[in-house]
Amino acid sequence: MATKRKAVRAAAPATETRQAGTTSLDVEALRQIVEILESSDVTRLVWTRGDEKLFIRRGHAPETTIVHHTAPSGPSVTVAPPAEYAAPAAPRALAAPAPAATPAAAAPEKAAEKPGLVISSPFVGTFYRTPAPDQPAFVDVGSVVKKGQILCIVEAMKLMNEIESEVSGRVAEILVENGRPVEFGQSLFRIEPV
Amino acid sequence: MAADTSEQTQEELILGFLSEGGDAYLSGEVLSSKLGLSRTAVWKRVEALRLKGYVIEAVPARGYRLVEVPDRLSALELGPLLGTRDLGRVIHHHETIGSTNEAAFRRAQDGAEHGEVVVAEQQTAGKGRRGRAWASPAGLNLYFSAILRPELPPQRAPELTLVAAVALAEALREAGSDAAIKWPNDVQIGGRKVAGILTELSAEPERVHFVVVGVGVNLNSTLEHFPEELRESATSLSIALGKRVARAAFTAALWTRLEEWLDRYLEAGFEPVRARWKALSSTLGQDVLVRTDRSELRGRAEDIDPSGALLVRTEAGVLERVLAGDVERLRPRQDVRSS
């Protein structure tokens, strides 16, 4: 419980700093909050400031992932869960960061605008950059890879899928952290032509 | 190579006829007419089989009788016992190998067909999940990797690991044990691990190229064969039954089950597999701890969802969907399966 309080305290100042010049939470502040949550054990955060109420719950049932309330006339942001979890009883993947609210969710669009090819996940699972926990990563940012070279493993229910690069090039971006859950179709790597 | 293959086929046929005959003698004349070979050629193949460890009795004027089959898992021993259509119809048998999964993956990349199986008497680098080892001493257990080419979108491939678990648990129960499945696909007897499955996939976004289902089953290992740190948590079918297990017969029965469940899954979908998995599971209804590389989760394992993911209800009442991780039972229930 101690970590929970600490993380919440840490989240608030970061948000307030960004808020100084604006009237409501902006995307950058939200991004910072989510980042802090991700690196902690906190799964739920309720934060009220004036008319604003921020409620974040992560790794849980999707019905309300993030709702950002403001005064009735103000803008309201509701982040919907991914379609495959839309069924009422379908819970979220274990410890998944709220996907549509994290930088990773914005990444596919950002990555698509950049040069090169984006490699995405073939199914919902866990992303591993190493063949085993005590071994070096298959590739790092800057690694030059050949077509067919293994980039990572995605695991679901003890099925291991070694994801190969579809092209030769250089690893420009690694869009997911080792050990994180990934969604079907989520961008994993951006490979740039050399 | 061609001569070797046909000699092997002839040997398989001779073993098949002798097995069918049971304790009865089969004359050299009958054998030679069934095989279309001279009696001398039949005798040569029988001699070759004897060198491989088969005990074949030959009595003048009566014929041949199969007395003892060597405890090996090559096509010669498995062929006569197999009732499958595709699975194990081609067997790549190795006395010793690094890892059957590695070998099967390479063969599949080189074009091996659906149903081909790599079997080894011993693995020197048996693979478990996330770089872990699978203890694989020689001649005691079953280590194989089956190459499957199912028509499935890659997203559904993980369901195959539960298909394999159901087949494995059924085969172990038919052998007389009370095997149960720990999510997703470890098989245990009395809470100790008797078998593991490691599946590897090669796919492109729209299509599965192939799946390698690697299975290790502890059949005749005794406690001394396990690494010290596993002696509390591992077992073998032989330990559970208190008798030696006929490896070839078990293997043939398992492959039959595996092909049946695979057919059912591809025809009717995951739902029948899910229902059977739930009936064979030791995880559901238990309080569990789920560990992944970077997080832990505690709760009651309630169900598996329509894709096989484990649904865990936390103390806060939230239902979590688990796709990867090691599941550990927290408080063994006293009312069932206390043996």
Side-chain angles (χ1 to χ4, degrees), chain A residues 38-41 43-44 57-63 81 84-85 87-97 118-136 148 150 153-164 166 177-185, chain B residues 101 105 109 127-132 153-162 164-165 183-186 196-206 208 211-214 290 292-297 303-314 316-325:
Chain A
E38 272 181 34
S39 59
S40 74
D41 293 324
T43 54
R44 204 174 303 206
R57 196 161 75 166
R58 73 183 181 91
H60 290 162
E63 55 271 21
E84 63 257 48
Y85 294 120
R92 289 284 327 285
L94 166 60
V118 172
I119 310 278
S120 57
S121 179
F123 48 69
V124 181
T126 302
F127 172 84
Y128 299 112
R129 287 187 53 200
T130 63
D134 56 352
Q135 285 176 22
I150 297 165
I153 291 173
V154 175
E155 174 188 14
M157 299 185 287
K158 283 217 301 190
L159 176 128
M160 302 292 180
N161 188 12
E162 292 180 341
I163 310 289
E164 297 173 357
E166 293 157 42
E177 252 182 85
N178 185 46
R180 285 281 179 204
V182 290
E183 301 294 335
F184 169 64
Chain B
N101 256 41
F105 206 89
Q109 282 174 325
K127 276 170 77 172
R129 186 180 163 268
R130 298 293 296 139
R132 283 175 215 160
Q155 308 89 278
R156 292 195 54 204
E159 295 167 5
L160 287 170
T161 69
L162 278 73
W183 187 90
N185 59 12
D186 279 349
I197 301 168
L198 183 73
T199 309
E200 296 182 87
L201 171 70
S202 168
E204 56 189 271
E206 303 298 316
V208 168
V211 176
V212 169
V213 179
V290 185
T292 67
D293 273 16
R294 56 183 296 157
S295 66
E296 281 191 1
L297 172 76
D303 202 350
I304 54 170
D305 79 0
S307 67
L310 184 66
L311 301 176
V312 177
R313 178 82 61 188
T314 66
V318 178
L319 201 58
E320 300 274 6
R321 186 166 180 264
V322 178
L323 285 157

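Chain letters run A, B, ... following the sequence lines, proteins first, then strands; residues in each count from 1.
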Peer 1: List the atom pairs, with distances to 0.1 Å, where a side-chain N or O of residues 153-162 of chain B and a protein N or O form a donor-acceptor pair under 3.5 Å, not counting sequence neighbours.
Peer 2:
unit_1	atom_1	unit_2	atom_2	d
B:Arg156	NE	B:Glu159	OE1	3.1
B:Arg156	NH2	B:Glu159	OE1	3.1
B:Arg156	NH2	B:Tyr265	OH	3.4
B:Glu159	OE1	B:Tyr265	OH	2.6
B:Thr161	OG1	A:Met157	O	3.0
B:Thr161	OG1	B:Pro158	O	2.8

Peer 1: Please tabulate, for the side chains in residues 128-135 of chain A, all donor-acceptor contacts under 3.5 angstrom to protein atoms that are two or more places apart in sequence or on a different chain.
Peer 2:
unit_1	atom_1	unit_2	atom_2	d
A:Tyr128	OH	A:Glu155	OE1	2.9
A:Tyr128	OH	B:Arg129	NH2	3.1
A:Arg129	NH2	A:Val139	O	2.9
A:Arg129	NH2	A:Asp140	OD1	2.7
A:Thr130	OG1	A:Ala132	O	2.9
A:Thr130	OG1	B:Arg130	NH2	3.0

Peer 1: I'd like to verify something: which residue of B:Ile197, B:Val212, B:Leu201 has the highest number of heavy-atom pairs under 4.5 Å with chain A?
Peer 2: B:Leu201
Peer 1: Enter the distance from B:Ser202:OG to A:Glu164:CD here, rounded to the nearest 0.5 Å.
Peer 2: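 Those atoms lie 6.0 Å apart.
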Peer 1: Is the closest side-chain heavy-atom distance between A:Lys158 and B:Thr199 below 4.5 Å?
Peer 2: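 In short, these two side chains do not touch, never coming nearer than 4.5 Å.
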